[in-house]
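Below, all heavy atoms of this structure are taken into account, side chains as well, without hydrogens, waters or symmetry copies.
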Amino acid sequence: MQSNKHLLVFLFVLLCGTISSVAQEDLITPLPIKAIKDSITAPILTSDFLKGPNEVDSVEVDSASQKQPLLLDKIKYKAKEYVKLSQKDNKIYLYDEAEIYYQDTELKAGVIIMDYVKNEVYAGRMKDSTGTYSQIPYFKQGSNEVRPDSIRFNFDTQKALIWNSRTEQQAGLGQLGSDAMKVYAQVTKKENDSVYFLSEAKLTTSKDTVDPDYYIRVRKAKFVPKKKIIAGFSNMYIVDVPTPVALPFAYFPLTTGRVAGLLFPTFGNDPQRGYFLQNGGYYLPISEYVDLSVTGDFYTNGSYGFRGQSEYSKRYKFRGNVNFNFENLIQSQKGFDDYSRTSNYNIRISHTQDPKASPYSRFSASVNLGSSQYYTNSLNQINRNNSQTNTFASSISYSKTFPEYPSVNASLTLTHTQNTRTEERTINMSLPTFQASMERIFPFAKRDGIKKGILQNINFQYDVNAQNSITTNEEDFFTSKMFEGARVGARHRIPIGTNFKVAKYLSVSLNGGYEDVWTLETIRRRYVEEEQAVVTDTVAGFDRFNRYNLGASIGTVIYGTFNFGEDKKIQAIRHVMRPSIGYSYTPSFEQFYDTYTDGDGDEVQYTPFETSVYGRPSLSKGSSLNFSLQNTLEAKVRDKDSTATEPKKISILSNLTLSTSYNFEADSLKLSPINLSGSTEIIKKVPINFSASFDPYAIDNNGRRINTLNIKNGGGLARLTSARLNTGFTLDSDMFKKGAKNKEDKEKQEEPDYGANPFELKGTRNGESHFGNKDDSSDGEVDNPTYNTQIPWDVRLTYVATYSNRNREKQITNHSLMFSGNVQLSPKWEVGFNSGYDLKNKGFADTRFNFNRDLNSFRLSFDWTPFGRYERWYFFIGIKSSILSDLKWENRSQPFSGRR
């Protein structure tokens, strides 16, 4: 704890900031405590207090001269050890676990003295022979609670004087606890139910209010519970040491729920753009369902940026958010050679509909579009995690189901994809795509009956797809030019099929399909003698073509079991094979082709449907035989647990598939390459995936395939042309604990999620974040536990290797190892890393270190990329509580050079 405090003192000496601005209507200066006329007289404990319990003073008092008591018939009181009624002093003395209840007022304390004539009460602590105080008073009136050292309260005027009061106020959206404002004051004057005046107060969100690690010292203040604190001169203390963070007056909002207010900016300095303010703005809760926040950045060289974000939600209906970001970036100064000015933008929209809102219709949206270099060039820290984004993608869709038989599903979708890395910066859009499909129909079988045989299993469907496809670039985006290359078309498709058994073990399926393609644009080609060139004309108007195909397949399942005996460690091995042979046929559609005569007098074939959205009709006939063989291999192994009655099953090969095809219509190279793919987890919790491609034909000196089998060319049966291997696994400290057992149902470690806040690590060890707003010690944990023999850690490794030999190059094209992990040096110290190493090119990938420190009320983070294109660092320290989140200090390196 002391090390935390010393670190906080050092860091916050440099901290500059403020709490918030003061609304004009709240600039009220409270009266000094000593200037307030107090109607309460302090009680005096006399020797009568030492009389026996429940004794009544025998001195006669003239009742005619006494004020009629108002409390005795309305108040409820009790005490554990001592209750004394003194008619001489008109007081009731309560001792040890004393309690008083009157209307909405509740008072509990070690000692309570009540004047039932003046309707005043005093409550204080108990003090034992060693001088230790206990049973601190608890005062509650309505929903307001105070825990002082002592209190004097008048039931008539509702005024009170409170010494060393402690109260807790919920603020914002937080709950009472570590995110609530704790208010401590040496002297408090209660004017009425809603106004208190404080003298020498401390405001903090620290859990320990007696000895907080930080607090804001307030000399005088007006306190309105659950609304606000208006203070005079205030300054921040860390470990009772004053800091330069001070204001002549301050305003602390204590309202609950969503409240409009300023969002305090971050100060800093950019070496190329000057001093800046980032992420400052205003938050506005528009209604119960919608809010809006507007923030912006400003740099002294003229660069600026602004962001608008709105979130909306209606229970059982929908929820979503809209984000718009714009940055105008200026480099250098006008007149210099390196002066430049660029504008970047980004739009993100998300909308989801609750399934309960409508069972047969649904609307959803996920939009992410903008300038290709927005994340790469952005200077704002919040965009740091997306700096390596390669693709923007968007989708807006509405779907509806018509449940009557035969049911139909229809949808209307707008899509957008944008590659941010290519020089062309191509943008593909579908504005829109309409799709409808009808459920499968069995015309020769009862709707709910069992289907047997080739006839009853005959089934068909119908679906239609229509779209307006646009391909453009970033320069023409949002201009009329983007529609010049638009292609509009529709495709109707009817697949038909059936299946049946042959010889009990063979499964046979027959299938066919018909497609009808519509288009609103075709082409015509002609040769122009004057220009000595082929001219392509675009012809607007409706046209169509059709195509169809046929197919059949037969397959079975073969089981093979090798038993070694129940007394063996490996009792049996089971091999399952699923061979399948299929045939497909596609005719030639020459009727949809035209010809033109070129300059040499030769006729050249072409199809007017080259620009069709759904491809062109095939000119060549297809007739091919397909073969595949799928294998699985598993073993029965004797369980190490002697109490187990059944052996364990271990998967040796979860999949091993071979596939190839033979084209009867090809003039040469009829046999296609042989593809092999498989996966295994023979090493527990280490999945291994592999694939390879083998070519049965040889190649010439130029690397082209020739119509000669490789085995006849002096090679093997087939030559390896490509291969890929990838695996990954996780190591953690629990795996190496002495006597630890790896249970099958143990949850896998989650990947770290670097979200909008890159320094709040989510999905860490045990699925908890140790650096959020949660107080680690709030669940009864030790405040400063230590690791005696074991430091928790975890490491995730991913290995990828690819091999290419298409032209005898025998080259490893990719050979890399990616690794990431966390080391928890102490319960509140965690270091995370994410990197990789290219074993082929001998270089590291984007390497990033995260250092996180929980300083009880504060959060410290350091993000560091030590080398590479995105070399940079970022430091942050601030209060974890959202109430005082504006009290922070952050610093960063200059922008990485790779963004220009």
Tell me if the centroids of the rings in Phe306 and Phe326 come within less than 6.0 Å of each other.
yes
Once you measure the plane-to-plane angle for His416 and Phe477, does it fall in the parallel (<30°), tilted (30-60°) or perpendicular (>60°) bin?
parallel
inquiry  = Is the distance from the ring center of Phe318 to that of His351 below 6.0 Å?
reply    = yes
So CG of Leu855 and CD1 of Ile877: to nearest 0.5 Å the spacing works out to 5.5 Å
Practice prompt. Show the numbers, then the answer: is there a side-chain hydrogen bond (donor to acceptor under 3.5 Å, both in side chains) between Asn346 and Arg307?
Written response: CA-CA 9 Å; Asn346 180 254; Arg307 287 166 296 282; over 6 Å; no
- Message: Please determine whether side-chain hydrogen bond (donor to acceptor under 3.5 Å, both in side chains) holds for the pair Asp240 and Tyr215, giving the CA-CA distance in whole Å, both sets of side-chain angles, and the decisive distance to 0.1 Å.
- Response: CA-CA 8 Å; Asp240 292 325; Tyr215 59 86; 3.0 Å; yes
To the nearest 0.5 Å, atom CG of Asp846 lies from atom OG of Ser835 at 8.0 Å
_Atom OH of residue position Tyr275 - does it have more than 12 heavy atoms of other residues, nucleotides or ligands inside 6.0 Å?_
no
Does Arg362 reach the main-chain N or O of Gln353 with its side chain, forming a donor-acceptor pair under 3.5 Å?
yes
Subject >> Lys/Arg N to Asp/Glu carboxylate O, Arg796 vs Asp794, below 4.0 Å >> reply: yes
| request: Compute whether any side-chain donor of one residue and acceptor of the other, for Ser857 and Asp213, lie under 3.5 angstrom apart. | output: yes
>> For the residue pair Arg348 / Asn321, report whether a side-chain donor-acceptor contact shorter than 3.5 Å exists.
In response: no
Are Tyr251 and Lys228 close enough, and set up right, to give a side chain to side chain contact (heavy atoms under 4.5 Å, CB included), and what steps lead you there?
CA-CA 7 Å; Tyr251 173 76; Lys228 58 194 172 185; 3.6 Å; yes
- Item | Pair Tyr214-Asn856, side-chain donor/acceptor within less than 3.5 Å | no
Separation between CD1 (Ile230) and CG (Leu198), nearest 0.5 Å, reads 11.0 Å
- request: State whether the side chain of Thr167 and the backbone N or O of Glu145 hold a donor-acceptor pair below 3.5 Å, judged by distance alone.
  value: yes
Could you check, using the six-membered ring where one of them is a Trp, whether Phe875 and Trp889 have ring centers closer than 6.0 angstrom? yes
Decide, yes or no, whether a salt bridge links Asp354 with Lys314 under the criterion of side-chain N to carboxylate O below 4.0 Å. no
Between Asn328 and Ser343, is any side-chain donor less than 3.5 angstrom from a side-chain acceptor? yes
Spell out, as yes or no, whether a donor-acceptor pair under 3.5 Å connects the side chain of Ser395 to the backbone of Thr415.
no
With a 3.5 Å distance limit and no angle check, can you tell me whether Ser303 reaches the backbone of Ile330 through a side-chain donor-acceptor pair?
yes
Practice prompt. Look at the side chain of Thr413 and the backbone N and O of Ser397, then say whether any donor-acceptor pair between them is shorter than 3.5 Å.
Written response: no
Interatomic distance, CD1@Ile286 vs CG@Leu292, rounded to 0.5 Å, equals 5.0 Å
If only side-chain N and O atoms count, and only distance matters, is there a donor-acceptor pair under 3.5 Å linking Tyr283 with Gln309? no
Between Arg848 and Asn850 the two heavy atoms that sit nearest each other are NE-OD1, 3.9 Å
Discussion item. What I want to find out is whether Arg217 reaches Glu200 closely enough, with some N-O distance under 4.0 Å, to be called a salt bridge.
Written reply: yes
Query raised in the report: For the residue pair Phe844 and Phe867, is the inter-centroid distance of their aromatic rings smaller than 6.0 Å?
Result: yes
